[in-house]
Amino acid sequence: MGKAAAVVWDQSFLGYDLGGDHPLNPVRLDLTIRLATALGVLDGVGLIAPEAATDADIERVHTASYLTAVREAPSSAWDVGHGLGTSDNPVFDRMHEASALIVGGSLEAARRIATGESDRAVSIAGGLHHAMRDHAAGFCVYNDCAVAISWLLDNGFDRIAYVDVDVHHGDGVQNAFYDDPRVMTISVHQNPMTLWPGTGWPAELGGKGAEGTAVNLPLPPGTRDGNWLRAFHAVVPGLLGAFRPQVLVTQCGVDSHQEDPLADLALSVDGHRAIYRALRDLAETYAGGKWLALGGGGYELLRVVPRSWTHLLATVLDRDLDPNVPLPASWVSHASRLAPGWSLPSSMTDGADPGFTPWDGDADTPVDAAVRNTRRAVFPLHGLDPDDRRD
């Protein structure tokens with residue numbers, strides 16, 4: 001990597017707090033930054049504090065009436081609609097301001113890449129990929145991923161690939177660009193028959209004139225590192241090679257972990273680390289090294305998210321960590337005070353081997369069937385042979 005990577009972070013991101021015992025607890029972000037700092041990952045890195053996104057930028061992907069509803073919801077005495085005030089998306093104080101700041105963080109990361117200041121940028125507070133044009137969904141008020149992509153399209157880029165590795169389908173981003181051939185959205189997620197939001201099938205290919213730019217790879221519950229990576233490598237590199245993006249935007253949710261309470265894939269922290277390294281390699285190979293990495297889901301707040309996203313930060317910064325490095329005593333002490341009696345890991349590994357056997361087109365497991373379905377749906381639209389493992 002040539003230019004220093006940009007890390008967008010400020011404590012004010014913790015204001016996006018859905019309250020009570022909501023799964024999306026901002027402590028996961030705080031613990032990640034504390035762990036990355038304690039391990040030296042952020043040594044000498046000037047953390048970039050963002051400004052809140054303007055209404056004009058948020059309205060790239062959301063309606064003005066929705067912004068008004070978000071603004072008014074905390075002081076409204078009646079049902080504001082727009083998906084707000086539900087158990088998934090409860091209303092909280094300063095909701096618009098906190099949500100606009102998340103968007104501003106992802107925009108700042110995008111700007112750093114567009115101006116050439118950095119080839120890579122990361123904002124772990126971003127990745128709120130479920131928010132729709134006129135309503136909140138899945139813990140997401142504003143869709144920072146889609147706003148950042150829209151902004152990049154107006155600032156020097158006309159071929160953008162978005163790769164979403166969250167356990168849930170990246171539905172909001174897919175919807176935002178479903179009819180736009182300039183944006184390829186690829187989502188690798190748990191089978192939608194078994195998990196909310198119930199979308200993300202291989203047949204969802206993009207709208208008229210954009211056929212083949214929506215790509216969905218649904219994987220069966222219980223999928224582990226090796227099979228997840230086998231499927232990913234059987235689909236994603238070939239499509240990126242055909243699409244030739246100028247920048248790679250990734251949503252790096254870690255709710256695919258076997259300990260995550262809200263879903264049923266079975267990856268490890270070691271598998272996550274392998275995914276980030278693969279994304280970095282793909283950005284170098286197919287996107288001129290330009291990589292915008294955002295956070296996303298992840299609800300095992302102490303054992304999983306801080307370790308996985310510390311590996312993400314390290315990967316973006318080319319400061320890859322030895323998986324066996326022990327967790328610093330200062331961090332363990334802090335986490336133990338937050339959750340007395342919670343069993344904490346001792347190192348940056350789950351002791352898993354994320355090695356995989358490349359897809360060969362012959363095996364007949366449920367994962368191989370998923371790969372075949374996705375390849376047969378989308379590969380011919382890019383001039384690729386779905387049954388040829390070289391593609």
I'd like to know if the side chain of [X] reaches the main chain of [Y], judged simply by a donor and an acceptor atom lying under 3.5 Å from each other, with no hydrogens or angles considered.
X: Asp144; Y: Gly127; result: yes
X: Lys3; Y: Gly116; result: yes
X: Asn216; Y: Glu204; result: yes
X: Ser333; Y: Ala329; result: no
X: Arg159; Y: Pro245; result: no
X: Thr185; Y: Ala214; result: no
X: Asp350; Y: Ala352; result: no
X: Gln174; Y: Gly200; result: no
X: Tyr178; Y: Leu205; result: yes
X: His96; Y: Ala69; result: no

At what distance, to the nearest 0.5 angstrom, does [atom1] of [X] lie from [atom2] of [Y]?
X: Leu219; Y: Asn191; atom1: CG; atom2: CG; answer: 8.5 Å
X: Leu107; Y: Ile149; atom1: CG; atom2: CD1; answer: 11.0 Å
X: Leu35; Y: Asp30; atom1: CG; atom2: CG; answer: 11.0 Å
X: His311; Y: Ile275; atom1: NE2; atom2: CD1; answer: 12.0 Å

Same apolar cluster (I L V M F W Y, side chains within < 4.5 Å links), Tyr162/Met132: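 In one cluster with Tyr162: Met132, no.
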In terms of heavy-atom contacts, does CD of Glu211 have more than 12 from other residues, nucleotides or ligands at under 6.0 Å?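 Check passes, neighbour count above 12.
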Would one find more than 12 heavy atoms of other residues, nucleotides or ligands at under 6.0 Å from atom CZ of Arg319?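 Yes, because the 6.0 Å sphere around CZ of Arg319 holds more than 12 heavy atoms from other groups.
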Can you tell whether the side chains of [X] and [Y] come within less than 4.0 Å, N to carboxylate O?
X: Asp385; Y: Arg375; value: no
X: Arg303; Y: Glu259; value: yes
X: Arg112; Y: Glu108; value: yes
X: Asp320; Y: Arg277; value: yes
X: Asp55; Y: Arg71; value: yes
X: Arg120; Y: Asp318; value: yes
X: Asp387; Y: Arg376; value: yes

Please lay out, stage by stage, how Ile186 and Leu240 fare under the test side-chain contact (heavy atoms from CB on, under 4.5 Å). CA-CA 10 Å; Ile186 303 176; Leu240 292 182; 4.2 Å; yes
Judged by modelled atom types alone, do [X] and [Y] share a side-chain donor-acceptor pair under 3.5 Å?
X: Asp10; Y: Ser12; answer: yes
X: His169; Y: Ser187; answer: no
X: Thr63; Y: Asp134; answer: no
X: His129; Y: Asp171; answer: no
X: Thr250; Y: Trp291; answer: yes
X: Thr68; Y: Glu72; answer: no
X: His62; Y: Asn143; answer: no

Whether His130 and His168 hold their rings parallel, tilted or perpendicular, with breakpoints at 30° and 60°: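 Aromatic pair His130/His168 classed perpendicular.
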Evaluate the ring planes of His257 and His272, with Trp represented by its six-membered ring, and classify them as parallel (under 30°), tilted (30 to 60°) or perpendicular (over 60°).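 It falls in the tilted class, 30° to 60°.
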For the rings on Tyr16 and Phe92, is their centre-to-centre separation under 6.0 Å?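 Here the rings of Phe92 and Tyr16 have centres that are less than 6.0 Å from each other.
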Kindly write out the residues that satisfy side chain to side chain donor-acceptor pair (under 3.5 Å) with Asp270, not counting sequence neighbours, or none if the list is empty.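 In terms of side chain to side chain donor-acceptor pair (under 3.5 Å), with neighbours along the sequence ignored, Asp270 is linked to Thr349.
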Can you tell if the side chain of [X] reaches within under 4.5 Å of the side chain of [Y], non-hydrogen atoms only?
X: Val165; Y: Trp228; answer: yes
X: Val7; Y: Val316; answer: no
X: Trp342; Y: Ser336; answer: no
X: Leu262; Y: Pro23; answer: yes

On a heavy-atom basis, which atom in Val371 and which in Ala234 lie closest, and how many Å separate them?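 Nearest pair, atom of Val371 first, then Ala234: CG1-CB, 3.6 Å.
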Which atoms form the tightest heavy-atom contact between Pro50 and Phe13, and what is the distance?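 Heavy-atom minimum between the residues: CG-CZ, 3.5 Å.
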Could you go through the side-chain contact (heavy atoms from CB on, under 4.5 Å) check for Leu239 and His382 one step at a time? CA-CA 8 Å; Leu239 290 172; His382 295 277; 3.7 Å; yes
Stepwise, does the salt bridge (Lys or Arg N to Asp or Glu O under 4.0 Å) test hold for Asp364 with Arg372? CA-CA 10 Å; Asp364 201 23; Arg372 197 155 45 242; 3.1 Å; yes
Just jot down the salt bridge (charged side-chain N to carboxylate O under 4.0 Å, His left out) partners of Asp360, sequence neighbours excluded, or say none.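 Scan of Asp360 (salt bridge (charged side-chain N to carboxylate O under 4.0 Å, His left out), adjacent residues dropped) gives Arg230.
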Pick out which of Arg182, Arg111, Arg60 makes a salt bridge (Lys or Arg N to Asp or Glu O under 4.0 Å) with Asp154.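 Result: among Arg182, Arg111, Arg60, Arg60 is the only option passing the salt bridge (Lys or Arg N to Asp or Glu O under 4.0 Å) with Asp154.
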For Val41, which residues count as a side-chain contact (heavy atoms from CB on, under 4.5 Å) partner, sequence neighbours excluded?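 Once residues adjacent in sequence are excluded, the partners of Val41 under the side-chain contact (heavy atoms from CB on, under 4.5 Å) criterion are Ala36, Leu39, Thr310, Leu313, Ala314, Leu317, Leu321.
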